[in-house]
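Read the structure below first, then the notes.
Just follow the structure's listing: the first ligand is 1, and inside any ligand the first atom is 1.
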Amino acid sequence: MRHATLPLLVLLLFTSGFAQTKSSNRRMAVTIDDLPYVPVVEVAYVRNAERATKKILGVLKKHKAPAIGFVNERQLTDSSERDARIALLRRWVNANMLLGNHTFSHSDFNKLTIEQFEEEILKGEVVTRSLMKPREPYQLYFRFPMNHTGDTQLKKEALEKFLADRGYKVTPHTIDNSDFIFNVGYARAIQKKDLALARRIRTAYLDLTMGATEFAEKLSTEVFGHEIPQTLLIHVNDINADCLDEILSRYESRGYRFVALDQVMTDSAYQTRDTSVSKFGPSWLWRWSRSMNLDVTIDTSQDPEPPQWVVDLYNHG
Ligand SMILES: [Zn+2]
């Protein structure tokens, strides 16, 4: 009995040691959407946006996380606040972050023609590119709103060509933590000074974020045979202003260090061409497994969803 157990123990020690080494090399790019800010209530936009921007940029600096922010320039059209809102974007540039294009008005490609969507892209890069001028040359990145990359093959390929011709790379993501759903209940709870509710939402949000990350780690191993660098997608909002520090600390305890999107994009997994067509906005891990025709059964029940009570707060307040 003793002889049979010993090799197993050695094997366990060996494999856990191996996993330790591997996981301490984890890398992640942080991508942040809907700049300058996602308000839950429109009042005091600039004040709340300044607070969120300052906190998020401070946290990114503390954790040495080079992030990219994707801008919707329609948010800059409020005539009385235009300068103040552009100043929020300038903070990102001054903090050495990249800015990317997320269309002018966060438009849904499923609902627009190819020409209409191309207009949205051109209109959406004017202020952003002028703010980023001192940083040239740099890689231009585009993120499709809702990650709707084209609901037909024709639309998808037309936009891929349009973007490539203009020097843009399409930005993928591998981890999506539904932050926008949690944020609505959270921002309202803070506004009503219901700190107990805010705390409950925060705990559920942190749990889901880590669960979604574990899911992405496992799925990337299934698709590529090893863990790949991850790309986190979050938004500039109140819940991240208050939770990002804890999220990044938890990632560091899992062995992650934060790298620029440029670096993640050079990984061989990210060279996989996404040929999948969907009207939904799934993770690139799903898209790549489809594009590679892999026989991977994705058990989506392992990918955590926000709890129903959080969804109810999002839908009905
Ligand atoms: Zn967005």
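- In this structure D165 satisfies the salt bridge (Lys or Arg N to Asp or Glu O under 4.0 Å) test together with K161, sequence neighbours excluded.
- Through side-chain heavy atoms spaced under 4.5 Å, either directly or across other Ile, Leu, Val, Met, Phe, Trp or Tyr residues, V41 is tied to V43.
- Residue pairs meeting the ring pair (Phe, Tyr, Trp, His ring centres under 6.0 Å) criterion with at least one member in residues 40-89, sequence neighbours excluded, are Y37-Y45.
- No more than 12 heavy atoms of other residues, nucleotides or ligands lie within 6.0 Å of CZ in R74, so this atom counts as exposed by the packing criterion.
- Linking Ile, Leu, Val, Met, Phe, Trp and Tyr residues whenever their side-chain heavy atoms come within less than 4.5 Å leaves V126 and W92 in two separate clusters.
- Less than 2.8 Å away from the Zn ion (ligand 1), the protein contributes these N/O/S atoms: D34 OD1, H102 NE2, H106 NE2.
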Under the criterion ring-ring contact (aromatic ring centres under 6.0 Å, His included), I'd like the reasoning laid out for F142 against F144: C-alpha separation, chi angles, the key distance, then a yes or no.
CA-CA 7 Å; F142 178 74; F144 283 89; 4.9 Å; yes
